[in-house]
2 protein chains.
Amino acid sequence: MANDPGPRRHSDRSSGAVTLQQVATRAGVSIATASRALHGGHGRVVNEELRTRVLAAAAELNYVSNAPAQALARARTSVVGLMVHDVADPYFGAIATGVMRAAAEYDLMVMLTASFREQQLELDYLVRLRNQRARAIVLAGSGFTDGEFTERLAERLAGFVEDGGRVACVGDHGVATDTVALDNRGGAEQAVAHLWELGHRRIGVIAGPLGLVTVRDRLDGVRRALERRGAPLPAERVVEADFTRAGGRAAALALLARQPELTAVFALNDGMAAGALAALRDELGLAVPGRVSVVGFDDLPYAADLHPALTTVRLPLEKAGVRALELIVDDRDARGTRRIVELESELTVRSSTGPAPAP
Amino acid sequence: MANDPGPRRHSDRSSGAVTLQQVATRAGVSIATASRALHGGHGRVVNEELRTRVLAAAAELNYVSNAPAQALARARTSVVGLMVHDVADPYFGAIATGVMRAAAEYDLMVMLTASFREQQLELDYLVRLRNQRARAIVLAGSGFTDGEFTERLAERLAGFVEDGGRVACVGDHGVATDTVALDNRGGAEQAVAHLWELGHRRIGVIAGPLGLVTVRDRLDGVRRALERRGAPLPAERVVEADFTRAGGRAAALALLARQPELTAVFALNDGMAAGALAALRDELGLAVPGRVSVVGFDDLPYAADLHPALTTVRLPLEKAGVRALELIVDDRDARGTRRIVELESELTVRSSTGPAPAP
DNA sequence: CTGTTAGCGCTTTCAC
DNA sequence: GTGAAAGCGCTAACAG
């Protein structure tokens, strides 16, 4: 039946997958026609009957096209890279979900990379994504303020862009790409305003690692809000902590030992707030919000289930993921212009904040 | 300099990326040698000097190899697919983290797909992953018990395997692949045993959607444990709920309205337990664990922060992700034998459970 | 509308 | 140890 595949040099390597050629042969058409029938060849229309035959052959053979081969021929893939710190971290999980939803919408596959806050790993993954010829990268990575790191990050991204890739950051990463900006500063200001209105004047801050952009911006917001009210934040009222529950716990303990006069604690993320809450309640026996009010940041899903329910700043993380992907897909705007989508924070008041106790 | 790229038919499509040919030319060697120098050509050793020259040229040109092209030539990629319901769900987030950690270890890239519990989407992604020529798939998807779905799932996976792919499931998906088995049944039994020992005899169950394998197994564990103690679970003591906080809240309300004599509630996941806790405490005013004890399942990170801290069954989710990836990588065992790694559950007792109140 | 054919970038024989 | 060349599976000119 003239179905001789011919001599094969690399024969053994064949993964056994059905090829377009086989489909074409079976349908009795040329490979070009098969391609056009299956993947809609660039304006070209295929005769209805041939088309049907090709589709039937493909179905019978259980043909699935070879994306790497298509990528090679078309010089473009349909995969986008997503860089996060850790998907298990609800913050990044939410962003990732947004990206996934949008990707499904636009028919893109997403290649996930997690840096676990290791700078080298993050850098390496970036070239790995370039290697994969990802069409774009959504960078929601670690976010270090470290200048040298930022520089190398920029280099890597530049290389990626040179190859024709697009990049969108979620949050500030110190690189001049399209970005979905999260209003960390503004959110922090809102939180402070809220506490201030409740009469709090002695506010402590549990900051995360100062090397993270997010922390820097949130802390900055606190400072600004306080300065504007004529009560600049003293250095002793800020503790740097690990960005975790345990970090928050330890920091709360340290902070209140040092500054027992505090009436409010602002933890710069919900994880630390949860730890602080537990420390205050179980170890220090301080009523929240009776004796000290607590505010968190992020409004993770469990914030309402903390005890007491946590007042916190809500960040539209999932939406940020969606927007980032959209920035990447949407090529309308001229390349070369940096696009920035600003997303707003919103204070969610629950039960962990109340009037400052009378002096 | 004889660097004429020659006539190009597809010229405009070139993404501008540097190619191996360019590196070879610059290093003054053949493309074959460049390939071997860069990617260690199959036993072949390259002269040290040439090797150095190639590496230098590659560095100068900022060369990054083209994975799709390599995939085509080698007939294999270094990507594995990961199917989850939703990464923002802590359960899947934990599994995903495990997979990511292991993938980094083995130098694999992971392509993430999220079905959001839509059967068709899950099925489609499976062919998409085949299309990408993923080398393997870690299936931690929705987990429907639905027979027809399972069948189609099996079909799709079979196709994937035919092409030479490997598959590992996390949890039972009704398909006979290598799997990392989670002890849902055993965990549920432990929870019941715990309650029983505390004197609870009237236990209500807040089940998730009965169409999910996980739910079925956990419920089954409850039934078995109770039967073994001569107190079979009456149908009225089980409510099917959405697998969420809201679902748990509603179910708790319904359950206690119907069966006020219950002294314990077992929610088949932590999210529902959180909702139940809130409903019991805030809406029904029933003391936990004084009047009714509550047990959850999964031991998500926030379980200890619920109020009261939740007694729950811990599942080694991250480890499950790691193991699944290992099953895929580890080809020692003969193909054809189904391998099953059993992971144990462990009850974590906290403050939401206590002695049953005196009758 | 269909078929032929030249690549896409890389790996791997096969000869030297 | 090195190079030439034949593909890998597919797309897109180009010619009919």
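First the proteins, then the strands, lettered A, B, ... as listed; each starts at 1.
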Under 4.0 Å from OP1 or OP2 of [N]: is there any side-chain N or O of [X] that close?
X     : N      : answer
B:S35 : C:dT11 : yes
A:S30 : C:dG3  : yes
B:Q70 : C:dC10 : no
A:T33 : C:dG3  : yes

Send over the distance from [X] [atom1] to [N] [atom2], rounded to a whole Å.
X      : N      : atom1 : atom2 : value
A:N66  : D:dG7  : CG    : P     : 18 Å
A:L72  : D:dG9  : CG    : P     : 12 Å
A:Q21  : D:dC10 : CD    : P     : 9 Å
B:H39  : C:dT12 : NE2   : C1'   : 13 Å
B:R74  : C:dG9  : CZ    : P     : 16 Å
B:R76  : C:dT12 : CZ    : P     : 11 Å
A:L20  : C:dT2  : CG    : C1'   : 15 Å
B:D163 : D:dC8  : CG    : P     : 16 Å

Overall bend - the helix from C:dC1-D:dG16 to C:dC16-D:dG1, comparing terminal axes fitted on five pairs, nearest 10 degrees: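 The end axes of the helix from C:dC1-D:dG16 to C:dC16-D:dG1 are about 40° apart, to the nearest 10°.
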Counting side-chain heavy atoms from C-beta on, which of [options] comes nearest to [X]?
X     : options              : answer
A:V29 : D:dT11, C:dG3, D:dT2 : C:dG3
B:A32 : C:dT12, D:dT2, C:dG9 : C:dT12
A:Y63 : D:dG9, D:dC10, D:dT2 : D:dC10

message: For B:I31 and B:A69, find the nucleotide of DNA chain D closest to each by heavy atoms; which residue's nucleotide sits nearer the 5' end?
response: B:I31
- prompt: Does the pair A:E155/A:R152 count as a salt bridge with the N-to-O cut at 4.0 Å?
  reply: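 Salt bridge flag = no for A:R152 with A:E155.
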query: So, are B:R101 and B:E105 salt-bridged, with charged N and O less than 4.0 Å apart?
result: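 The answer is no: the pair does not qualify as a salt bridge.
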query: Within a strict 4.5 Å, meaning less than it, do heavy atoms of the A:T179 and A:R338 side chains meet?
result: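 In contact.
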message: Could you work out, with salt bridge (charged side-chain N to carboxylate O under 4.0 Å, His left out) as the rule, every residue matching A:E148, not counting sequence neighbours?
response: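 Salt bridge (charged side-chain N to carboxylate O under 4.0 Å, His left out) check on A:E148 returns nothing, list empty.
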message: For B:T150, give me all partners under side chain to side chain donor-acceptor pair (under 3.5 Å), at least two apart in sequence or on another chain.
response: none
message: Surrounding CD of B:E60 (heavy atoms of other residues, nucleotides or ligands, distance under 6.0 Å), is the total greater than 12?
response: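 Count over threshold, so yes.
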- request: Classify the ring geometry between A:H39 and A:Y63 as parallel (under 30°), tilted (30 to 60°) or perpendicular (over 60°).
  value: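 Tilted, since the angle between the ring planes falls between 30° and 60°.
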task: Kindly indicate whether the side chain of A:R36 and the base of C:dG3 share any N or O donor-acceptor pair separated by less than 3.5 Å?
output: yes
